[in-house]
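Below: the structure, in structure tokens.
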Amino acid sequence: MKDAREDILGLMPHEIVKRLQEMGEQAFRGKQVINWLYKGVISFEDMTNLPKATRKKLEDKYIIGSVKLLEKRISKNGDTIKYLCLLADHNIIECVVMKYNYGNTLCLSTQVGCRMGCSFCASTKQGLVRDLEVGEMMAQVVMANTHIKQTDERGIRNIVLMGSGEPLDNYSNVIKFLRLVNHPEGLNISYRNITLSTCGLVPKMKKLAQENIPITLSISLHAPNDELRKKIMPVASAYSVDEIIEAGKYFFEKTGRRVTFEYSLIDRLNDNVYDAKELASKIKGFPCHVNVIPINEIEDMPYKRSSESRIKVFVQTLKTLGVQVTRRRELGQDIEGACGQLKRSYLDSLDK
Ligand code: SAH
């Protein structure tokens with residue numbers, strides 16, 4: 001049964017101070033709690049500079065994060081760590097830390113499952129189960145940060161909302177989460193170091209542009225026209241490629257942040273030279289970035305990843321046409337680190 005107590009990790013610092021004041025405590029007690037929270041403390045009992053009675057009062061009303069680490073997998077070369085987490089209602093989510101030279105990046109989930117139905121994605125197979133709460137997203141960051149800090153004092157520097165779920169489909173919780181991780185008294189992670197990835201929910205992209213949250217917006221395009229996009233992404237029937245690019249431009253105007261287009265290459269489906277040419281013509285003159293990655297083959301999926309030569313030609317075609325393009329590094333393949341795979345393999349192993 002769900003714990004009736006509220007998750008304190010989902011509250012903004014000023015809310016925590018207010019709640020403690022409502023409990024008859026002075027403001028500095030709230031600050032003390034805040035100081036402990038993001039250090040990975042999971043019990044009020046461990047907040048040793050608080051009077052015992054205060055800890056008890058907090059314990060009665062609140063929990064600290066409702067995410068329990070189930071399993072951790074580290075890739076052979078150590079550059080990717082995948083965490084499988086159990087939620088209070090026994091749902092399972094996953095997040096991944098990728099170690100880059102410029103800092104550690106956490107890829108986290110925003111929903112249990114997803115209702116967008118992209119045909120190449122493992123996270124959407126069972127549809128949407130539910131949205132994640134703010135505290136459940138925070139708990140992923142605090143847990144990964146605490147774990148990484150045991151061996152690397154830099155902790156988590158970047159956050160990407162690219163785990164399972166469509167972040168803009170859980171809009172208000174995601175916005176509060178972004179403000180909280182960025183908060184100087186929270187985890188103080190710069191908006192510049194945060195990327196939100198969306199399959200292109202146009203009205204929400206525009207709303208996000210107006211929030212004064214200058215993060216990087218990453219748009220999963222995967223096709224240069226609606227006809228092709230509809231074959232792999234049901235959301236393409238709701239919003240056209242042109243509308244999505246327009247919304248990307250609006251986001252750039254409002255925030256000054258360049259958007260990124262994600263393009264996963266599927267063999268002979270969207271990896272043709274004419275697809276690259278059409279994409280280049282659609283984004284011509286728009287200062288943006290294209291991230292190319294070969295599709296990660298998942299079970300029961302009819303698609304194959306593009307060959308090395310087709311990937312090279314696709315990337316080169318974009319470059320020649322003046323597009324800023326990067327081929328994204330594929331990390332964590334040996335630990336099923338990509339796109340909902342670990343959770344699936346874990347659940348499959350339970351079925352057996
Ligand atoms: N719902 C959001 C974020 C989650 S998915 C979105 O659609 O952007 C993060 C990225 O991984 C998206 O670009 C998504 O299209 C891509 N992706 C999902 N499954 C993949 C696979 N099997 N191979 C390669 N990329 C995949």
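Numbering of ligands and ligand atoms starts at 1, following listing order. Both backbone and side-chain heavy atoms feed into the values below; hydrogens, waters and symmetry mates do not.
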Answer yes when Lys61 and Glu22 have at least one side-chain N-carboxylate O distance shorter than 4.0 Å, and no when they do not. no
Task: N-O pairing of Arg229 and Glu278 below 4.0 Å - done: no
Looking at [X], which atoms of ligand 1 are within less than 4.0 Å of one of its heavy atoms?
X: Cys199; value: 6 (C), 7 (O), 8 (O)
X: Ser220; value: 6 (C), 7 (O), 8 (O), 12 (C), 13 (O), 15 (O)
X: Asn296; value: 21 (C), 22 (N), 23 (N), 24 (C)
X: Cys121; value: 18 (C), 19 (N)

Heavy-atom closest pair (Leu11 atom, Ile16 atom, distance to 0.1 Å) is CB-CG1, 3.7 Å
Scanning both residues in full, the closest heavy-atom pair of Ala139 with Gly65 reads CB-CA, 4.3 Å
In Cys107, Pro167, Cys95, Ser220, the residue satisfying side-chain contact (heavy atoms from CB on, under 4.5 Å) with Met162 is Cys107
Only one of Leu221, Thr326, Val325 passes side-chain contact (heavy atoms from CB on, under 4.5 Å) with Asn291, and that residue is Thr326
Checking heavy atoms under 4.0 Å, the part of Ile219 that sits near ligand 1 is neither
- Message: Check for me whether Gly163 has a heavy atom closer than 4.0 Å to any atom of ligand 1.
- Response: yes
Decide whether an N or O pair under 3.5 Å exists between [X] and ligand 1.
X: Glu262; answer: no
X: Phe120; answer: yes
X: His222; answer: yes
X: Gly165; answer: yes

Parallel, tilted or perpendicular: ring planes of Phe120 versus His222, cut at 30 and 60 degrees:
perpendicular
